[in-house]
Amino acid sequence: MTAVTQRAPQPPPVTTLSRDDARRMALRAQGLLGAPDRRAGVRGVLRHLGAVQLDTISVLARSHELVPYARLGAVGRSAVEAAYWTTAPSDAPAARPHSFEYWSHAACILPIEEWPHFAFRRRALRAKGHRWHIMEDSDRSCAAVLDRLTADGPLTTSELGGGRNGGEWWDWSETKIAVEWLLDTGQVVCTERRAWKRVYDLAERAVPEALLHDDLDDTECLRRLVAQAGAAMGVATRADLADYHRLKAEQVDAVVADSGLVPVEVEGWGKPAWADPAALAAPPRGRHRTTLLSPFDSLIWDRPRTERIFGFTHRLEAYVPRPRRVHGYFAMPLLAGGRLMGRVDPAREGTTLVARQVSLQGPKAVAPMARALREAADWVGCDAVRVDRCDDGKLAAALHSELTHMSD
């Protein structure tokens, strides 16, 4: 494995950006400023972002559905799933998946073209020998899983024999440990989820032959991922670049100077930054999207970056005990006019979208929140919107009025 320890010196900035410059660059880089590329669709969004996070929580929809919705509008939910997971027709000479699932920022859907660039992570896991669980007999258990997949084709954990020993969710069966280890190290790949279950297949069968290799050394893998993160963020600090694909700071330091990103200064950031030269070459212009964002949207993955760019503190409270929640279980930030202007904790009751708790940053946020709620309701098949609570009485009345006017 290639060691990556050398720290690159920080060259002088090529330009100074204002806070607003950086904010608009970040929005455009994330596909939230300017005309959406509808022809490229969901797959285009995935390629542009480089990673779309998966999560088990489903409120309006699952997070990986909310991400393209925020950028493209009301694309059909079944079309979203098909765009991520479908492969070539069964009578085609070879499978050609569009994506695979692996560890990036978290468990993410990734463009299949990025398979070779995660070789560094597969090698690191192999060198460690385990991730969360240790098998009783790794050789026997892994061989059994590979034999089943070879004989029977793609299978879920249940089809392989079951995921748990009967205890808590983390009490994995030997089969589950084995197949996840094979996924971690690249012998097995997930190119589909079926009813939210991973479908495992042999990497040699599922990944296109031209991509099925770990030939790239760590430096080349990291250089590509840093460059991709920089392009997906527009402008970023070293910590931002590291967080996007969960790299180490020293890994970023070792390759950033050769990544194609250029050093810049951003007013008020107080830290060196790097920008995508393509983002610098074309000033960001166009229409701002008004939408609700998944708490797992890559625009707001990193809390310090979100606070630095938008002056907005974002925290997922799904895992916070109910009495300690401030904004609700699955509070979705409101993006409007290039700003984060509030948030809502949504739910569904039949065909009613329920805004269980709404927070608004002033009167200017009322109309955008009403539009975002109405659009989200239409997207998930709800014909009514109800607001249960709002943190400001006057704004609550204005929001009710706006929603009533829109439904007339």
Side-chain angles (χ1 to χ4, degrees), residues 26-27 30-33 36 45 49 52-75 77 80 105-106 288-303 305-307 309-320 322 324-349 352-362 364-382 384-392 395-396 399 402-403 406:
L27 287 164
Q30 282 284 299
L32 292 160
L33 171 61
V45 169
L49 298 180
V52 171
Q53 186 171 344
L54 292 157
D55 194 80
T56 58
I57 298 173
S58 180
V59 179
L60 294 180
R62 292 198 189 275
S63 185
H64 66 286
E65 299 172 282
L66 292 167
V67 169
Y69 162 73
R71 289 150 178 84
L72 301 174
V75 58
R77 294 176 63 186
V80 173
H105 183 81
H288 287 284
R289 179 92 173 102
T290 296
T291 190
L292 299 177
L293 297 172
S294 163
F296 302 106
D297 194 292
S298 50
L299 179 71
I300 52 174
W301 265 343
D302 185 42
R303 193 187 307 177
R305 176 176 170 84
T306 302
E307 292 178 352
I309 292 178
F310 296 103
F312 187 91
T313 300
H314 160 69
R315 182 187 185 193
L316 176 68
E317 297 181 334
Y319 308 110
V320 174
R322 185 187 297 270
R324 292 170 50 195
R325 292 176 190 157
V326 177
H327 297 290
Y329 175 79
F330 195 75
M332 299 180 67
L334 168 68
L335 177 68
R339 311 278 180 177
L340 296 178
M341 302 181 69
R343 67 196 98 205
V344 59
D345 182 29
R348 294 172 65 184
E349 293 181 3
T352 298
L353 188 156
V354 181
R356 293 185 292 194
Q357 184 170 333
V358 176
S359 303
L360 298 169
Q361 295 188 341
K364 291 183 178 180
V366 171
M369 178 62 82
R371 290 199 302 274
L373 287 170
R374 183 67 264 173
E375 184 183 80
D378 291 342
W379 180 54
V380 297
C382 290
V385 176
R386 187 181 82 233
V387 177
D388 282 354
R389 294 189 305 279
C390 183
D391 61 357
D392 184 298
L395 297 182
L399 181 59
E402 191 74 28
L403 287 167
M406 292 175 68

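We use all heavy atoms of the structure for the numbers below, so side chains are in, but hydrogens, waters and symmetry mates are not.
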Nearest-0.5 Å distance that lies between atom CD in E65 and atom CH2 in W379: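 Nearest 0.5 Å value for the CD-CH2 distance: 5.5 Å.
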Nearest-0.5 Å distance, CG of residue L292 to CZ of residue F330: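 Rounded to the nearest 0.5 Å, the CG-CZ separation comes to 10.5 Å.
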Shortest non-hydrogen contact between L299 and A26, atoms and distance: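 Closest approach of L299 to A26: CD1-O, 4.3 Å.
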Residues R386, D388: salt bridge by 4.0 Å N-O rule: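 Looking at R386 and D388, the cut-off is met.
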SB check R71 D297 (cutoff 4.0 Å):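 A salt bridge is present here (some side-chain N lies under 4.0 Å from a carboxylate O).
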Which residues share a side-chain contact (heavy atoms from CB on, under 4.5 Å) with R289, sequence neighbours left out: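 With neighbours one apart ignored, the set is L32, Y69, T291, E375.
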Q53 side-chain N/O to S63 backbone N/O, donor-acceptor pair under 3.5 Å: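 Judged by distance alone, no pair lies under 3.5 Å.
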Residue pair S359 / H327, side-chain donor-acceptor N/O under 3.5 Å: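 H327 and S359 do have a side-chain donor-acceptor pair below 3.5 Å.
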Under 3.5 Å side-chain donor-acceptor pair for Q30 and S298: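 Side chains of Q30 and S298: pair found under 3.5 Å.
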Residue list, ring pair (Phe, Tyr, Trp, His ring centres under 6.0 Å) with H64, at least two apart or on another chain: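 With neighbours one apart ignored, the set is Y84, W196.
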Minimum side-chain heavy-atom gap L399-V358 below 4.5 Å: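 Of all side-chain heavy-atom pairs linking V358 with L399, at least one is under 4.5 Å.
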Side-chain touch F296/L316, heavy atoms, less than 4.5 angstrom: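 Yes, their side chains come closer than 4.5 Å.
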Sequence neighbours excluded, every pair satisfying salt bridge (Lys or Arg N to Asp or Glu O under 4.0 Å) that has a member inside residues 324-339: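 Checked against salt bridge (Lys or Arg N to Asp or Glu O under 4.0 Å) - neighbours excluded - the pairs reaching residues 324-339 are D20-R339.
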